[in-house]
Amino acid sequence: MRNLRSAFHVIRMVKLVGLAAVIALAFTAGSIFTALGSPTPDVYSACLTAPPTRVPSVLVNPLSGGGLYNVTINGTPNCVRGDTIVTWNQQGPIGATGPVGATGATGATGAIGPTGVTGATGATGTTGATGATGAQGASGTSDVYYDQEAFGNATPINISGSGADVDSVNVPAGSYLINFSVALENDDGDAQDATCRPNTGNGTSVRLDKATETDSGYKSSISVVSITTLGAPGAITIHCSTFNGSAHEAFLAVTTVTTLHAP
């Protein structure tokens, strides 16, 4: 019995010393690797001796764990046949994810900054100088509408009494300058007045001397200058009259103009 107690004491001491040395070595190695910045946790392996077989049955359970030897870091230890390889990590398993924390209170809204001051209105620039007058444009073309009686052999037009239309031209709408000339003959023994005027305005009057015994009639020329504006196409006609007489060699020219200017 005394020998069994001594054996139990020796085995227990060996187990405790061996286990303490292994644990110390493991933590020392782990600390070194941690200080060196090892990228991954180390895995430790060791051999676990088989339970003792030459002890009384009452001591089997206390010694059933055996002893550790050949502690290896990140490797596989060489163990005696019948012994078991055990492993453990330098870093323990990752714990469960903790619950999500409560949402923090919303911060207060910042105050609105003051409105900037409106800049002053810039001064008005000076007025530019007036440009030079452009060159005068080219004169526009003019249209002339005319009618002319044959000279010398034309049949006289009787303008006695209320008179007759001596000459006429058709023109489009527009403004016109009228020029008319005609030779009037007094076929009466007394002097008399003769008048020619356009249907669009005032005309001209002349005094015709009487015919003499040697001259059956007395001729006098008359000219009419007038202006008119027609709002639509129409005719410009010259009407002449006297007490007893006739008209010869009439000529009418009507010229279109851009604008008529009164004084």
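All of these numbers come straight from a predicted model, not from anything done at the bench. Below, all heavy atoms of this structure are taken into account, side chains as well, without hydrogens, waters or symmetry copies.
Atom CG of Asp165 is surrounded by more than 12 heavy atoms from other residues, nucleotides or ligands within 6.0 Å. Counted within 6.0 Å of CZ on Phe243, heavy atoms from surrounding residues, nucleotides or ligands total 12 or fewer; the atom is thus considered open.
In the model, His239 has no side-chain atom that pairs as donor or acceptor with a side-chain atom of Thr237 under 3.5 Å. Checking Asn74 against Asp42 by side-chain atom types alone, a donor-acceptor pair falls below 3.5 Å.
Residue Val169 is not grouped with residue Phe251 when hydrophobic side chains (ILVMFWY) are merged at heavy-atom distances under 4.5 angstrom, including chains of intermediate members.
Minimum heavy-atom separation, Thr49 to Asp83: CA-OD1, 3.3 Å. Residues Lys210 and Asn186 come closest through the heavy atom pair CA-ND2, 3.5 Å. Nearest heavy-atom pair, Pro77 versus Ser45, reported as atom, atom and distance to 0.1 Å: CD-CB, 3.5 Å. Residues Thr229 and Leu260 approach most closely at OG1-CD1, 3.4 Å, considering heavy atoms. Minimum heavy-atom separation, Gly163 to Ser241: CA-CB, 3.5 Å. In this structure, Arg207 and Asp193 approach most closely via the heavy-atom pair CD-OD1, 3.0 Å.
Not counting sequence neighbours, Thr255 has no partner by the side-chain hydrogen bond (donor to acceptor under 3.5 Å, both in side chains) test.
The backbone N or O of Asn179 sits nowhere less than 3.5 Å from a side-chain atom of Ser181 that would complete a donor-acceptor pair. Not a single donor-acceptor pair under 3.5 Å links the side chain of Glu185 to the backbone N or O of His248. The backbone N or O of Val257 lies less than 3.5 Å from no partner atom in the side chain of Ser175, so there is not a single donor-acceptor pair. The closest donor-acceptor contact from the side chain of Ser160 to the backbone of Gly245 lies under 3.5 Å.
At a threshold of 4.5 Å between non-hydrogen side-chain atoms, the residues Ile159 and Leu184 count as touching.
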